[in-house]
Amino acid sequence: MIDIKHYLPPGPIGAAFLKSRGPIDVIMGPGGSGKTAVSVVKGPMHAAEYMPVCRDGWVRVKTLCVRDTYRSFARTALASWYNTFPEKHPWTVSHEGGQDRPVVHKLCWEAWRGPDKVNVEYVMETGAIGDNDLEAFAKGYEISMAWGNEYDLMPENTLPLFFQRCGRYPPVGMIAPAELERVSRDGREAMKLMGLTFADNEPVLPRIVFGDLNPPDYDHPAYSTPFNETAKPGGIYHGHTPGWNGFWQPSGLSPNAENRIGKPRSSYELEAATTKDKALVRRMVHSLPAYAKDGTPVYADYFNPEVHKADQTITAVPRFGLTIGIDAGGSPAATFGQISPSGQNRLLAELVADPGTGPTRFGKAMLALLTTRFPGIPILSAWADPSAWYGADTNTGEFHWINTLTAIVGFPIMPAPTNEPSIRQEAVKHYLSTMIDGVTPGYIVDPSCRKMIGGYEAHYKFTKKTSSSETDKGEAVKNEYSHPHDAEQYRCLGHLGLTALITTAVQQTTPSGLAALQSGRQPRQVEARRSPGDFDVWNV
């Protein structure tokens with residue numbers, strides 16, 4: 001059992017997270033770094049040290065801990081809570097719930113604030129979002145603080161929504177006037193951080209929301225909201241999003257790793273050595289975000305981020321010109337690249353529009369990207385889905401979509417040789433599998449192409465039908481990653497050409513002995529045509 005009076009945080013990052021009063025605090029780190037334990041203690045310590053005293057001398061605090069399901073709750077946050085505050089803890093006044101239903105655990109104790117002693121009444125409630133409507137679920141609570149355990153497993157607006165429900169307990173009328181003024185000064189400053197304005201004398205109770213998580217997917221808001229693109233493990237980040245504070249614990253293999261008592265270095269080394277999933281090792285050992293695979297990625301055997309992802313921005317070369325791929329329709333996307341004289345295919349930029357974006361707005365976005373990123377660079381060719389010119393899509397408006405887009409951007413757009421998924425994908429695989437001079441990759445991606453990289457590593461994936469071999473068409477799941485990938489396939493196939501792709505495929509799949517057999521056939525035929533007297537004594 002942890003004694004919160006003598007509790008030691010897992011390390012400097014954990015200590016800073018523990019002391020922070022929000023408005024919204026997020027701690028992220030590898031597995032076993034003490035995130036959940038420090039989150040358990042954070043609420044009671046704020047209650048004892050900071051939250052306002054009521055007129056009767058009591059500090060009253062109600063914290064809600066939310067999770068995706070009650071069963072996952074029992075294995076994680078609730079287990080850590082009971083490790084610190086068992087049901088029969090000396091401070092326990094009452095305990096209700098459990099077994100796949102909410103828990104309400106009420107504690108009371110005495111705490112010192114300088115020379116003054118205060119009585120603390122602390123209520124921990126648990127709630128599981130499950131399949132509930134999040135807004136309707138949140139409206140049922142009037143609380144002091146909120147804790148999102150494994151925040152990355154919940155909807156992205158979980159912490160902001162529960163922030164709105166904080167500061168509602170206890171009622172303002174119960175708080176001692178001097179205490180109300182004390183916390184209101186801090187509360188008004190906290191609200192200003194979030195861009196909110198209040199009257200100078202307006203009472204504002206503390207609103208503290210916090211969450212813990214292992215590094216999630218690169219594109220997950222639980223990562224991108226608290227941390228900026230330059231953030232690294234072992235740092236504390238304030239204000240990337242107004243009002244948010246990010247606390248990023250170091251790798252489990254770092255000399256500065258936290259919670260060494262709870263999880264020694266050898267444990268992380270063992271996990272790194274025995275776990276086949278590299279993305280999982282990045283997240284749970286090295287404290288780095290990674291693309292979580294939830295299906296079979298189309299390019300799983302071809303794309304290697306260490307080879308194909310550039311480590312810095314790729315500078316466009318004007319004399320190379322630009323090639324463009326376009327995926328038209330309801331969720332339009334485009335990719336922009338160059339082919340070097342050596343044949344290296346360089347993907348420089350991506351444009352991914354919101355669903356429902358029309359050709360006029362998309363065309364203007366394309367022009368804006370071209371003028372800002374590639375001013376003065378000539379456009380060599382642009383290709384799009386050929387079915388927009390002929391076939392069923394002419395009846396759904398894509399033909400007119402392409403015509404409108406062409407008029408807006410002012411350069412011709414050609415149909416790609418085919419829109420057969422497996423053939424389009426082969427064009428990309430051709431470049432991914434090419435090594436120029438045995439060293440230089442035949443394909444590289446600028447790090448700004450987040451959707452493309454995310455698709456390559458995980459999210460551009462085969463449908464269940466394709467994965468189970470029910471079809472050989474190479475059908476991919478339609479999602480926010482598939483549209484730029486379709487565009488890139490048109491760009492690659494358009495430049496490479498269908499004939500060159502087929503020729504390359506034949507050369508790569510023809511057995512090595514077949515050419516030798518053919519080359520030896522002609523001399524044998526000549527020998528067969530010789531007359532019996534044409535014997536060469538030297539050819540025995």
Side-chain angles (χ1 to χ4, degrees), residues 276-279 290-291 293 295-311 314 320 323-325 327 335-350 380-381 383 416-447 449-463 466-467 469 471-477 481-482 484-515:
K276 293 182 179 180
D277 188 337
K278 292 182 179 180
Y291 291 105
K293 295 179 176 63
T296 304
V298 172
Y299 302 108
D301 297 328
Y302 294 85
F303 184 80
N304 182 344
E306 296 179 1
V307 174
H308 298 113
K309 179 182 174 182
D311 57 3
I314 304 172
F320 292 174
T323 55
I324 301 173
D327 182 44
T335 58
F336 307 78
Q338 294 187 314
I339 310 295
S340 74
S342 67
Q344 186 183 57
N345 191 339
R346 302 172 179 178
L347 175 57
L348 305 178
E350 65 182 9
L380 301 182
S381 300
W383 297 275
T418 180
N419 74 340
E420 181 68 27
S422 57
I423 296 177
R424 292 190 272 126
Q425 293 158 13
E426 281 300 319
V428 178
K429 291 175 182 178
H430 164 79
Y431 287 109
L432 289 172
S433 59
T434 298
M435 291 299 288
I436 302 169
D437 63 34
V439 177
T440 306
Y443 185 92
I444 54 172
V445 187
D446 189 278
C449 300
R450 299 293 293 272
K451 293 297 182 185
M452 286 299 301
I453 294 171
Y456 277 127
E457 293 208 43
H459 301 307
Y460 182 63
K461 56 191 177 183
F462 287 122
T463 61
T466 304
S467 299
S469 300
T471 176
D472 57 0
K473 292 185 177 181
E475 295 174 354
V477 173
Y481 301 88
S482 66
H485 269 273
D486 287 348
E488 179 67 353
Q489 289 162 15
Y490 297 133
R491 187 181 76 87
C492 290
L493 182 59
H495 182 270
L496 183 62
L498 195 56
T499 301
L501 179 63
I502 294 173
T503 301
T504 301
V506 170
Q507 291 173 345
Q508 292 176 344
T509 56
T510 299
S512 58
L514 189 60

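Predicted model, so just to flag it, every value in this text is computed and none were measured.
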Exercise. Measuring from Gln338:CD to Ile444:CD1, what's the distance to the nearest 0.5 Å?
Worked result: 10.0 Å

Problem set entry | For Tyr431, ring pair (Phe, Tyr, Trp, His ring centres under 6.0 Å) partners two or more places apart | none

Problem set entry | Any donor-acceptor N/O pair, Arg424 side chain to Asn419 backbone, under 3.5 Å | yes

Seminar exercise, completed: In this structure, CD1 of Ile436 is separated from CG of Asn345 (nearest 0.5 Å) by 9.5 Å

Seminar exercise, completed: All heavy atoms of Gly455 vs all of Tyr481, minimum pair found to be N-CD2, 3.6 Å

For this session: Flag the pair Tyr456 / His485 as yes when their ring centroid distance falls below 6.0 Å, and as no otherwise.
Result: yes

For this session: Answer yes or no: is there a side-chain heavy-atom contact under 4.5 Å between Tyr490 and Asp327?
Result: yes

Problem set entry | His459 side chain reached by Tyr291 side chain, heavy atoms, under 4.5 Å | yes

Exercise. Do Pro297 and Tyr460 have side chains that get closer than 4.5 Å, going by heavy atoms?
Worked result: no

Seminar exercise, completed: Value for OH (Tyr443) from NE2 (His308), rounded to nearest 0.5 Å, stands at 9.0 Å

For this session: Rounded to the nearest 0.5 Å, what's the gap from CZ on Phe303 to CD on Glu457? Could you check?
Result: 5.5 Å

Exercise. Nearest heavy-atom pair of Ser433 and His430: which atoms, and what distance?
Worked result: OG-O, 3.2 Å

Problem set entry | Donor on one side chain, acceptor on other, Gln344 and Arg346, under 3.5 Å | yes

Exercise. Is there a side-chain contact between Gln489 and Ile423 (heavy atoms, below 4.5 Å)?
Worked result: no

Problem set entry | Heavy-atom side-chain proximity of Thr296 to Lys461 below 4.5 angstrom | no

Exercise. Taking the side chain from Glu350 and the backbone from Lys451, do they hold a donor-acceptor pair closer than 3.5 Å?
Worked result: yes

Problem set entry | Steps toward side-chain contact (heavy atoms from CB on, under 4.5 Å) verdict (Leu347, Asp446) | CA-CA 6 Å; Leu347 175 57; Asp446 189 278; over 6 Å; no

Problem set entry | Any residue meeting ring pair (Phe, Tyr, Trp, His ring centres under 6.0 Å) with His495, in chain and number order, not counting sequence neighbours | none

For this session: Rounded to the nearest 0.5 Å, what's the gap from CG on Leu493 to CD on Glu420? Could you check?
Result: 11.0 Å

Problem set entry | Side-chain heavy atoms of Arg491 within contact of Ile324, under 4.5 Å | no

For this session: Start with the C-alpha gap between Tyr299 and Leu432, add the side-chain angles, then the distance that decides, and say whether side-chain contact (heavy atoms from CB on, under 4.5 Å) holds.
Result: CA-CA 9 Å; Tyr299 302 108; Leu432 289 172; 3.9 Å; yes

Exercise. Are any non-hydrogen side-chain atoms of Val477 and Phe462 less than 4.5 angstrom apart?
Worked result: no

Seminar exercise, completed: CD (Gln425) and SG (Cys492) are apart, to the nearest 0.5 Å, by 12.0 Å

Exercise. Is a donor on one side and an acceptor on the other found under 3.5 Å between the side chain of Thr323 and the backbone of Gly337?
Worked result: yes

